[in-house]
Amino acid sequence: MRKNTNILVLASKSQSRKALLKKINVRFVSIDPRVDEKKYKLHFYKKKYNTRKITKELAEIKSLKISKIYKKRYVLGCDTSIEINKKTINKARNLFEAKKTLKKLSGKKHFIYTSMCISKEGKIIWEHTERTKMYIRKISNKEIQSYLKKTGKKILNSVGCYHAESNGPIIFKKIEGDFYNVLGLPVLTLISFLKKQKSIVI
């Protein structure tokens with residue numbers, strides 16, 4: 001990794017987050033934090049954390065883990081979760097589970113939470129959680145099958161089993177809130193913070 005301290009470290013392997021950072025001309029490197037989310041979520045469920053708190057905690061864990069290694073850098077940790085009927089939805093492990101997720105979301109509203117946490121020298125210096133309300137139109141089993149056939153296994157990278165930047169609009173009815181949050185990174189809020197940091201090139 002380059003020694004320049006003005007390069008942001010993205011503690012994520014998300015392709016959509018990397019693409020968004022490139023679009024806003026942020027100099028960054030991406031590092032997989034290798035966090036066992038399943039383990040942490042089981043712990044959070046036992047503590048009865050809501051979706052917002054789970055998302056916030058995971059973003060902090062990712063950011064702090066990498067910040068302890070690259071102390072002089074600004075490290076951005078992120079997490080995106082979906083909530084329906086006050087319950088957190090986990091990522092589908094296969095296309096069968098993806099179908100079940102889409103059937104659950106069909107004809108209903110749900111919420112997307114994305115938390116961003118920036119750490120430096122192993123300490124949290126800024127964090128923000130964004131919520132967007134999503135409406136999925138009523139979709140039949142045949143439409144779901146057709147949709148998943150088009151997307152393939154790539155859809156498993158999305159918590160809601162849809163890609164807003166590509167085939168998502170086919171099943172969307174309405175979005176209320178920050179569209180970039182649906183993509184996993186509320187860049188407008190992030191830009192506002194980064195602009196104030198003289199050591200970050202943007």
Side-chain angles (χ1 to χ4, degrees), residues 1-41 43-44 49-83 88-91 111-132 134 154 156-160 163-165 177-202:
M1 184 182 288
R2 295 169 67 181
K3 293 182 179 181
N4 305 56
T5 57
N6 61 349
I7 298 177
L8 180 75
V9 178
L10 173 65
S12 172
K13 61 180 180 179
S14 165
Q15 294 301 320
S16 61
R17 290 188 183 119
K18 287 191 278 187
L20 283 169
L21 286 178
K22 286 177 183 177
K23 283 183 179 180
I24 61 173
N25 297 318
V26 173
R27 295 180 65 194
F28 75 97
V29 291
S30 173
I31 298 175
D32 187 350
R34 299 185 182 277
V35 168
D36 188 346
E37 293 188 25
K38 186 177 179 180
K39 181 189 76 172
Y40 281 110
K41 282 183 177 179
H43 174 67
F44 297 150
Y49 286 0
N50 60 26
T51 305
R52 178 185 286 271
K53 186 164 179 59
I54 289 172
T55 309
K56 178 175 176 289
E57 292 283 336
L58 286 171
E60 289 178 357
I61 289 166
K62 294 170 186 176
S63 177
L64 288 170
K65 182 176 180 181
I66 300 301
S67 183
K68 288 173 182 175
I69 302 169
Y70 302 102
K71 295 182 179 180
K72 299 297 181 181
R73 305 289 185 89
Y74 287 89
V75 179
L76 171 63
C78 306
D79 189 74
T80 299
S81 299
I82 283 180
E83 178 186 85
T88 307
I89 291 181
N90 293 314
K91 274 188 178 181
F111 299 96
I112 297 177
Y113 289 90
T114 296
S115 288
M116 301 180 290
C117 175
I118 291 184
S119 300
K120 191 175 184 183
E121 296 183 348
K123 294 179 181 179
I124 296 169
I125 60 170
W126 178 83
E127 52 190 330
H128 173 81
T129 299
E130 189 77 32
R131 187 184 84 159
T132 299
M134 297 286 296
K154 288 182 179 180
L156 302 179
N157 294 323
S158 167
V159 182
H163 287 152
E165 66 272 34
D178 187 346
F179 174 74
Y180 291 111
N181 185 38
V182 183
L183 303 181
L185 192 66
V187 289
L188 301 181
T189 306
L190 179 62
I191 288 171
S192 180
F193 170 78
L194 294 179
K195 286 284 189 182
K196 298 173 184 176
Q197 313 310 307
K198 294 179 181 179
S199 59
I200 290 286
V201 176
I202 182 171

Practice item. Compare all side-chain heavy atoms of M134 with those of V182 and state whether any distance is below 4.5 angstrom. Key: yes

Practice item. Would you check if the side chain of T132 reaches a backbone N or O of I112 as a donor-acceptor pair within less than 3.5 Å? Key: no

Exercise for review: Work out which heavy atom in S63 is nearest to a heavy atom in G77; give both atom names and the distance.
Suggested key: CB-N, 3.7 Å

Exercise for review: Please list, chain by chain and in numerical order, all residues satisfying side chain to side chain donor-acceptor pair (under 3.5 Å) with K13, sequence neighbours excluded.
Suggested key: none

Study note, to complete from the structure: Smallest heavy-atom separation, F28 atom then K18 atom, equals CZ-O, 3.6 Å

Check your understanding: Is K65 reaching over with its side chain to a backbone N or O of R34, donor-acceptor style, under 3.5 angstrom?
Key -> yes

Review point. How would you list, by chain and number, every residue that makes a side chain to side chain contact (heavy atoms under 4.5 Å, CB included) with S16, sequence neighbours excluded?
Key: S14, E165

Review point. Using 30° and 60° as the class limits, which term best fits the ring planes of W126 and H128: parallel, tilted or perpendicular?
Key: parallel

Practice item. May I ask you to test the L190-L20 pair for a side-chain heavy-atom distance under 4.5 Å? Key: no

Practice item. Any chance you could lay out the side chain to side chain contact (heavy atoms under 4.5 Å, CB included) test for T189 and M116, step after step, and finish with the verdict? Key: CA-CA 10 Å; T189 306; M116 301 180 290; 4.2 Å; yes

**Study point:** From NZ (K23) to CG (L185), nearest 0.5 Å
**Key:** 11.5 Å

Practice item. State the NZ-OG distance between K68 and S119, to the nearest 0.5 angstrom. Key: 9.5 Å

Point to revise | Derivation of the side chain to side chain contact (heavy atoms under 4.5 Å, CB included) call for I61 and D79 | key: CA-CA 10 Å; I61 289 166; D79 189 74; over 6 Å; no

Study note, to complete from the structure: Rounding to 0.5 Å, atoms CD1 (I54) and NE2 (H43) come to a distance of 10.5 Å

Point to revise | Minimum heavy-atom distance L183-A164, with the two atoms named | key: CD2-CB, 3.7 Å

**Study point:** Option passing side-chain hydrogen bond (donor to acceptor under 3.5 Å, both in side chains) with T51 (candidates R131, E83, K56)
**Key:** E83

Point to revise | Spacing of CD belonging to E37 relative to OG belonging to S81, to within rounding of 0.5 Å | key: 7.5 Å

Review point. Side chains of R17 and T114: is there a donor and an acceptor less than 3.5 Å apart?
Key: no

Practice item. Check whether any side-chain heavy atom of I31 sits under 4.5 Å from a side-chain heavy atom of Y70, and report yes or no. Key: yes

Exercise for review: Any chance you could measure L8, atom CG, to R27, atom CZ, to the nearest 0.5 Å?
Suggested key: 11.5 Å

Check your understanding: Taking C-beta and beyond as the side chain, do L58 and K41 meet within less than 4.5 Å on heavy atoms?
Key -> yes

Point to revise | Over 12 foreign heavy atoms within 6.0 Å of OH, Y180 | key: no

**Study point:** Stepwise side chain to side chain contact (heavy atoms under 4.5 Å, CB included) test for L194 and Y74
**Key:** CA-CA 10 Å; L194 294 179; Y74 287 89; 5.9 Å; no

Point to revise | Pair S115-T55, side-chain donor/acceptor within less than 3.5 Å | key: no

Exercise for review: Show your reasoning for whether side chain to side chain contact (heavy atoms under 4.5 Å, CB included) applies to L10 and V26.
Suggested key: CA-CA 11 Å; L10 173 65; V26 173; over 6 Å; no

Check your understanding: Quick one: does I69's side chain get under 4.5 Å of V75's, heavy atoms only?
Key -> no

**Study point:** Sidechain-backbone polar pair: K120 side chain, S67 backbone, donor-acceptor under 3.5 Å
**Key:** no

Revision key, fill the gap. Of all heavy-atom pairs linking H163 and S158, the shortest is CD2-CB, 3.8 Å

**Study point:** By ring pair (Phe, Tyr, Trp, His ring centres under 6.0 Å) - contacts of Y40 (at least two apart)
**Key:** none

Check your understanding: Which distance, rounded to the nearest 0.5 Å, do you find between the NZ of K53 and the OH of Y113?
Key -> 13.5 Å

Point to revise | Flag side-chain contact, heavy atom, 4.5 Å: F193 against I125 | key: yes

